[in-house]
Structure formats: C-alpha cells, structure tokens
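The structure under discussion appears below in the form of structure tokens.
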Amino acid sequence: MRYSQIFLPTLKETPAEAEVISHRLMLRAGFMRKLTSGVYSYLPYGLAAIRRVEQIVREEMNRAGAQELLMPMVQPADLWKETGRYEKYGPELLRFKDRHDRESCLGPTHEEVITDIIRRELHSYRDLPVNLYQIQTKFRDEIRPRFGLMRGREFIMKDAYSFDVSDEQAETSYMKMYEAYKRIFSRCGLTFRAVQADSGAIGGNFSHEFMVLAKTGEDTIVVCTACEYAANMEKAEVKTAGPGSTEEMAALKKTETPGKRKVDAVCEFLGIEAARLVKTMVYMADGNPVAVLVRGDREVEEVKLKNLLKVADVDLADDKQAFDATGVPTGYLGPVGSAIRLVADQEVMLMRNFVTGANEKNHHLLNVNPGRDFQAEAVADLRKITTDDACPVCGGRLELTEGIEVGHIFKLGTSYSEKMQAVFQDKDGLEKPFVMGCYGIGVSRVVAAAIEQNHDENGIIFPVPLAPYKAVILNLDPKDEKITEAAESLYAELSLAGMDVLLDDRDERPGAKFKDADLLGMPFRITVGKKFASGGIVELRNRKTGESTEMLLDQLKVELLAKIADATVN
RNA sequence: CGGGGCGUAGCGCAGCCUGGUUAGCGCGCCUGCCUUGGGAGCAGGAGGCCGCAGGUUCGAAUCCUGCCGCCCCGACCA
C-alpha cells in the first residue's frame with residue numbers, strides 16, 4: 001500500500017477524550033474514530049490490525065475442531081424469555097420493539113440463539129461433540145464505557161459454544177479450548193496468564209479468564225510467586241488461618257460507644273486493633289437482607305457471598321435498608337440476637353473474645369464468642385484475599401497484579417439446554433440435555449491490550465503477527481529520481497514476495513515521515529534517502545529494539561527476503 | 001444512578017467571572033515560493049447557528065432556566 005493512497009489520518013495532538021495510552025495511540029494512529037459513547041468506526045489501519053487477530057483466532061479455532069458460523073445481532077425477546085434472561089440480564093441488554101411491536105434485543109451474547117439452532121438440528125449423540133463459533137459485533141449497553149476499545153458498548157467478539165453428551169466430554173471440549181486460547185494469545189505476542197475465575201453456580205474449576213498483564217487492567221488478579229497458581233481476585237480462595245485462638249472465653253459485656261460507628265472509630269475508642277473486632281455487614285441478596293460477619297480489617301468478597309447464597313445478585317444495603325431489616329442503625333449491628341439471617345467468614349469462627357455491635361444504638365459488645373453467643377447459618381470463605389495470605393495451592397507468597405481480560409472460557413453444563421429443552425437421544429434411547437460450554441475472546445480488546453503492553457513514548461510497537469504492515473519504506477525525497485526508483489523497486493519486490501509493506505511516497509518532509517512511522521509502529525523501517533543517492537546505502541531499523549543497520553540496497557533485499565522465507569515477518 | 005468537569009473552525013485551546021467593535025491563538029487544511037535524514041520557513045487564503053431551545057436585556061459566546069451530548073470519578077466496608 002502507498003501512503004499517498006491509504007486513508008490513514010494521524011494526529012499530532014492527543015484528543016482530550018483519551019485517557020489510557022492505547023486509546024490515545026489508537027486515535028493518533030488513525031485506527032478508529034468515535035461515533036458516540038463507546039461506539040467506534042474502525043478505519044483501515046485499525047481494521048487491518050483487528051483482521052490480524054481474527055485470522056489467528058480462526059486458524060486456532062479451526063485447528064481445535066471448531067467451525068465458524070454467523071448468527072444475527074437482532075434477537076427476539078421470546079428466546080431470551082425461555083431462559084429467563086430477558087428479565088435477569090439487566091440494562092446492559094439493549095431492548096427495543098420493531099414496527100410490529102415485537103419485543104427484540106441486540107445480542108450481547110448468543111447462548112440462546114445457538115442453543116435454538118442446535119435443538120432444532122441435532123437429535124442424536126452421534127452428532128456430538130460439536131463446537132461452533134462466530135466473530136461478530138456485540139452490543140452491551142455498558143454502565144460506563146471507557147478507555148476506547150477496552151470497554152466499548154459495541155465491540156468485536158469471538159464466541160464459541162460447545163455441545164457434548166456428558167460432563168466428561170464437555171471437559172475435554174473445555175480443555176481443547178484452554179489449549180487453543182493459550183496458542184492464540186501466545187501467537188498474538190501477548191504476555192498473559194490464564195487464571196481461575198468465578199464459575200458461579202456451576203462450580204468446579206471450569207472457568208478460566210485469560211488476562212493480559214498490564215497496568216491499565218480493570219481486573220485484579222492474584223498470582224503466586226512460587227507456583228503456577230493464578231486466580232481472579234473474586235475467586236481467589238483464602239486458606240483457613242490456622243487452628244484459631246485458644247484464649248479462654250471471657251464474660252460477654254456491653255459497653256457504651258457513643259457516636260462510634262466506623263471500625264476505626266470504635267477501635268480507637270476502645271483501644272483495640274481492628275483484628276479484634278468483627279463487623280456485621282448487611283447485604284441485600286436478591287432483595288432479602290443477610291448479615292455477613294468478617295474481621296474488622298477484612299473486606300467482604302461479594303462474588304463469594306453471592307455463590308454461597310446461590311442468588312443472582314448481592315448488594316450492600318444502604319442505611320435505610322439495613323435499619324428496616326434489623327431495627328438497628330448501621331454501625332451498631334452485631335450477630336448476637338441478630339434479627340436477620342447470619343453468615344460468617346471462616347476466620348471469624350476461629351476468633352475469641354472479639355468486639356461487635358450490640359444491636360443497640362451507641363453500644364458495642366466485648367468478648368463475643370462464636371457458638372456461645374451466636375450461631376451462623378453458614379460459615380465459608382467470604383472475604384477478599386490479601387497479599388498477607390498464603391497461596392492456597394503451595395503456601396507461597398502472593399502478588400496482586402492488574403490484568404485486562406481478553407478471553408473467558410466457561411463450562412455451562414445443562415442450564416441453558418434444560419431451560420430451552422435442547423435434548424438429544426443417547427445410546428440407550430434416553431433423552432438428555434446437551435452439556436454446553438462457551439468460550440469468548442474480545443477481539444477488539446486484544447488489539448487495545450497489545451498496544452497497552454507494547455508501546456513507547458513515540459508510539460505503537462506492534463508485535464509482528466498483529467502489525468498491519470510488516471515494514472514501512474520511507475522515500476525521503478520523492479522528487480529525486482534515483483531515490484524514488486530504489487524505493488519503488490524495493491516496494492515492488494517485497495510485495496511480490498508476499499510481504500505487507502507500506503511505501504511512504506508522500507511529499508512530506510523527512511521529519512514527518514519518521515514521526516508517523518514511529519507512531520504507527522510497524523516492526524521494520526527502511527529509509528531510502530540522501531545516503532542512497534550518494535553511496536547506494538539504505539537503512540534498516542527495528543522499531544522494537546531501535547537497532548539500525550546501514551547496507552547496500554541489494555543486501556537489504558536479500559536480508560528481508562530471507563526473513564520472509566523464515567516466516568519471522570509474516 | 002450519584003458527584004465533578006466540559007461543549008467556541010477538522011484537532012487542541014483562550015475569551016465567559018465583570019454583557020458592548022469584525023469571536024481569537026496554535027496545529028491541521030488550500031494556493032504560491034522555498035525547503036528535504038526527526039512533525040521547517042515566508043506570504044496569501046478558506047473554514048464558526050460559540051451544543052440545542054427558551055428567557056433577561058437596547059444588546060448575549062458571555063447572565064438565567066430547561067434539554068441534549070461527551071469526559072472523569074464514585075456506586076456505599078457499618
């Protein structure tokens with residue numbers, strides 16, 4: 001492609017709307033332009049990068065035995081009502097009515113549609129397993145779109161769905177995807193970790209998120225420094241903290257704590273550590289109040305709570321909700337004589353003689369002991385893990401790091417197939433629901449993550465497999481016949497050899513060409529200029545290493561053609 | 001949904017508080033000259049319903065009200 005022909009509007013200045021580096025660079029490098037909040041047009045250069053990712057995804061999905069199809073973006077509400085998600089999905093699902101007043105929605109995901117296809121077409125165990133995928137635009141009406149392509153409302157996603165006869169076979173399908181995903185992200189040149197994720201009601205270790213490690217990530221992940229363990233913060237299991245206190249139980253005692261509601265204030269007033277206090281948090285679990293006990297210096301992990309209670313949603317109660325449920329103002333809530341359901345973090349049960357609210361305004365209780373003074377309906381791991389906790393697998397030291405979720409694989413089981421009556425006949429003639437799995441990759445987000453991980457102060461540094469063009473040839477003086485002829489012949493030969501090359505043939509000053517070349521981030525830059533006119537010398541520069549070598553034109557041709565043959569470039 | 005900020009030329013901004021010439025500046029764009037190894041220089045030029053609607057006023061980019069859009073932060077640790 002010739003730079004003089006391509007639609008590639010680069011920007012010298014950074015638009016004010018862009019916060020994170022990938023967003024800034026993508027705007028400056030002419031990848032995309034915003035149409036409205038969280039919705040972008042992909043311009044040729046950005047689209048080319050997206051296509052690179054798609055191609056890798058296709059190759060690896062096909063290699064893993066999946067087949068591509070394409071499903072509609074507009075979906076009838078009826079289908080969503082079958083699984084109950086039309087009501088449950090929440091405002092992220094964009095709903096609308098067509099001219100006949102039929103309720104419809106824009107697909108944020110396609111479990112319903114794919115399950116509908118399969119239940120109509122497949123009826124025998126002989127047809128299984130099957131894994132179908134698509135690369136398609138999704139729409140989710142995000143509460144707050146941000147960071148450009150990182151969290152848009154409209155985005156390109158690869159989603160795959162597997163159908164199997166049994167849990168065992170579904171797990172095999174799952175593992176195939178796990179391996180395929182590792183290959184995909186490795187081929188994209190990304191530094192990533194596969195982490196155990198929240199698998200919700202399904203349980204088991206059949207949900208992994210693929211996280212690109214980058215500071216701007218929206219998720220926190222826990223990584224063991226000693227072993228392979230890595231998990232999403234939401235899922236990271238806290239090991240039970242030892243045998244527990246052996247202190248003698250002291251007599252329960254009520255004490256006045258006027259106006260002291262927060263943990264810090266109570267602790268300071270009573271002269272104790274937060275670790276000697278147990279706080280009582282009221283949550284609304286699908287609308288019903290539940291009190292949760294955790295140590296004063298700990299934080300409740302809402303996802304763990306949600307899973308324990310087997311509810312769709314938990315939300316910290318506001319002051320009014322908490323008061324309505326308990327009759328006690330927040331700050332003085334406690335487990336002793338609690339008016340509502342009570343669940344406790346496992347750590348609390350190991351403590352002795354701690355402080356809690358007294359269920360009475362301006363009062364706390366001293367020397368509270370579990371078992372003697374209160375019973376919890378359930379005891380479980382309910383708190384957020386910290387770096388002070390040990391690795392749940394090997395006991396090693398943990399580190400927290402930020403990650404960008406680029407892929408998620410999930411064993412669904414039979415929840416969708418049962419609700420939608422998607423069944424097949426097994427060997428014995430029995431009707432069984434399909435065992436399903438789903439596997440997503442945020443294709444457009446992969447591009448953003450790649451830039452987030454690969455850039456410098458001058459611009460993008462594309463991992464070779466994602467680069468829209470592998471090299472840019474700078475013709476520094478299009479008016480000079482010798483220089484132009486050399487640049488053109490090089491462009492022609494490399495193109496003929498199958499290399500994607502950009503020829504900067506614009507009538508611009510050299511400085512502008514160098515700056516654009518750096519910004520656009522193509523792996524190699526070849527400069528044909530004054531030194532060629534005088535001595536036949538051209539320069540080959542590596543964008544990533546900054547390494548630059550001067551050589552004769554013919555030498556350079558040999559060198560690059562060798563790289564192409566080696567497949568190090570394509 | 002709550003809080004904050006912003007909307008003035010394609011982009012980045014000033015002007016608004018304290019109403020009053022022809023609404024400015026930088027970048028970009030067009031024409032010409034000149035220049036050609038890190039976003040040059042000179043000269044000329046095009047481009048604005050000052051987000052939209054209403055109000056106050058002799059007079060509104062500027063003050064008031066409403067609406068729309070965009071960005072950022074937060075969404076509750078008792």
Side-chain angles (χ1 to χ4, degrees), chain A residues 9-20 23-24 27-28 30 33-39 90-91 143-148 257 259-267 274 277-284 291-302 305 314-323 325-326 328-335 345 355-359 361-362 364 382-384 457-459 474-480 483-484 504 506-519 525-534 537-539 541 546 548 550:
Chain A
T10 59
L11 263 29
K12 247 195 224 183
E13 289 170 291
T14 304
E17 70 189 47
E19 186 78 0
V20 300
H23 189 193
R24 291 175 170 209
L27 288 173
R28 286 192 54 208
R33 291 293 182 256
K34 187 176 69 185
L35 181 60
T36 183
S37 181
V39 177
I143 182 168
R144 183 143 91 84
R146 61 183 124 182
F147 305 155
T257 49
K260 308 296 178 195
R261 302 173 64 242
K262 299 269 177 188
V263 169
D264 287 352
V266 174
C267 288
L277 183 140
V278 168
K279 60 189 177 186
T280 307
M281 313 289 297
V282 177
Y283 277 86
M284 302 307 285
V292 183
L293 300 179
V294 289
R295 208 172 85 178
D297 55 343
R298 304 300 193 190
E299 292 186 13
V300 175
E301 176 49 65
E302 295 184 5
L305 178 64
V314 294
D315 208 8
L316 192 62
D318 60 31
D319 285 349
K320 183 175 181 308
Q321 285 172 323
F323 185 81
T326 61
V328 179
T330 56
Y332 306 103
L333 285 164
D345 179 58
V355 172
T356 73
N359 284 327
K361 191 174 180 184
N362 294 335
H364 277 76
L382 291 176
R383 71 171 171 90
K384 283 195 170 128
E457 64 282 3
N458 295 314
L474 304 188
N475 176 348
L476 286 195
D477 190 358
K479 293 201 177 92
D480 183 299
I483 290 172
T484 299
D504 194 342
R506 293 175 299 170
D507 184 19
E508 290 285 345
R509 296 170 55 81
K513 296 185 180 184
F514 287 127
K515 289 291 184 189
D516 275 332
D518 285 347
L519 175 64
R525 186 188 79 191
I526 301 142
T527 308
V528 187
K530 229 167 25 192
K531 284 178 191 156
F532 179 79
S534 59
I537 299 284
V538 295
E539 181 206 56
R541 185 183 163 94
S548 124
E550 297 190 339

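Reminder, nothing fancy here: chain letters follow the sequence lines and each chain counts from 1.
- Judged by Watson-Crick or G-U wobble contacts below 3.5 Å, the nucleotide B:G2 has B:C73 as its partner.
- Among residues two or more places apart in sequence or in another chain, the side chain to side chain contact (heavy atoms under 4.5 Å, CB included) test is passed with A:Arg24 by A:Thr14, A:Ala18.
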Once each nucleotide of nucleotides 1-7 of chain B is scored for protein heavy atoms under 4.0 Å, what B/S/- sequence comes out, 5' to 3'? -------
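- For A:Lys34, a side-chain nitrogen or oxygen approaches OP1 or OP2 of B:C71 to under 4.0 Å.
- For B:C13 and B:U8, the P atoms lie 10 Å apart once the distance is rounded to whole Å.
- Across the protein-nucleic acid pair, A:Asp516 atom CG and B:G39 atom P stand 12 Å apart, rounded to whole Å.
- Residues that satisfy the salt bridge (Lys or Arg N to Asp or Glu O under 4.0 Å) test with A:Glu19, not counting sequence neighbours, are absent from this structure.
- In terms of the salt bridge (Lys or Arg N to Asp or Glu O under 4.0 Å) criterion, residue partners of A:Arg506 (sequence neighbours excluded) are, by chain and number, A:Asp504, A:Asp516.
- Separating the CG atom of A:Leu519 from the C1' atom of B:G39 is a distance of 11 Å, rounded to the nearest angstrom.
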Produce a footprint string for nucleotides 27-36 of chain B: one letter per nucleotide, 5' end first; B if the base is under 4.0 Å from any protein heavy atom, S if only the sugar-phosphate is, - if neither. SS------BB
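- Side-chain proximity of A:Tyr283 to the nucleotides B:C11, B:C72, B:C77 is greatest for B:C77.
- Distance from the side chain of A:Lys515 is smallest for B:G39 among the nucleotides B:C11, B:G39, B:C73.
- In this structure, the CZ atom of A:Arg146 is 12 Å from the C1' atom of B:C71, given to the nearest Å.
- Atom NZ in A:Lys384 sits about 9 Å away from atom C1' in B:C77, given to the nearest Å.
- Judged as a salt bridge (Lys or Arg N to Asp or Glu O under 4.0 Å), and not counting sequence neighbours, A:Glu13 has no contacts.
- The distance between atom CD of A:Gln321 and atom C1' of B:A75, rounded to the nearest whole Å, is 13 Å.
- Side chain of A:Lys513 to main chain of A:Asn475: a donor-acceptor pair is present (N/O by atom type, distance under 3.5 Å, no hydrogens or angles).
- Remark: B:G7 base-pairs with B:C68. Criterion, Watson-Crick or G-U wobble with two distances under 3.5 Å.
- The side chain to side chain contact (heavy atoms under 4.5 Å, CB included) test applied to A:Leu11 returns A:Pro15, A:Arg28, A:Arg33, not counting sequence neighbours.
- Here the separation of B:C11 from B:C52, taken at their P atoms, is 15 Å to the nearest Å.
- The CZ atom of A:Arg24 sits 11 Å away from the P atom of B:C72 (whole-angstrom rounding).
- With a cut-off of 3.5 Å on both pairing distances, B:G37 has no Watson-Crick or G-U wobble partner at all.
- Between B:C71 and A:Ser37, a contact under 4.0 Å exists linking OP1 or OP2 to a side-chain N or O.
- Projected onto RNA chain B by closest heavy-atom contact, A:Glu302 and A:Gly38 fall at different nucleotides, the more 5' of which corresponds to A:Gly38.
- Whole-Å rounding puts the A:Phe147 CZ to B:C70 P distance at 17 Å.
- The side chain to side chain contact (heavy atoms under 4.5 Å, CB included) search around A:Asp315 returns none, not counting sequence neighbours.
- Using Watson-Crick or G-U wobble geometry with both donor-acceptor distances under 3.5 Å, B:C17 finds no partner in any strand shown.
- Applying the 3.5 Å distance criterion, the base of B:G38 shares a donor-acceptor pair with the side chain of A:Arg525.
- One atom, CD of A:Glu17, and another, C1' of B:G10, lie 14 Å apart when rounded to the nearest Å.
- Ion pairing between A:Glu539 and A:Lys531 fails under the 4.0 Å rule for side-chain N and carboxylate O.
- Taking side-chain N and O atoms only, A:Thr36 has a distance below 4.0 Å to OP1 or OP2 of B:C70.
- Across the interface with RNA chain B, nearest-nucleotide mapping of A:Leu316 and A:Val528 shows A:Val528 to be the residue nearer the 5′ end.
- Evaluation of the side chain to side chain contact (heavy atoms under 4.5 Å, CB included) rule for A:Asp477 yields A:Lys479, A:Asp480, A:Ile483 as partners, not counting sequence neighbours.
- Using a 4.0 Å cut-off between a side-chain N of Lys or Arg and a carboxylate O of Asp or Glu, A:Asp264 and A:Lys262 do not qualify as a salt bridge.
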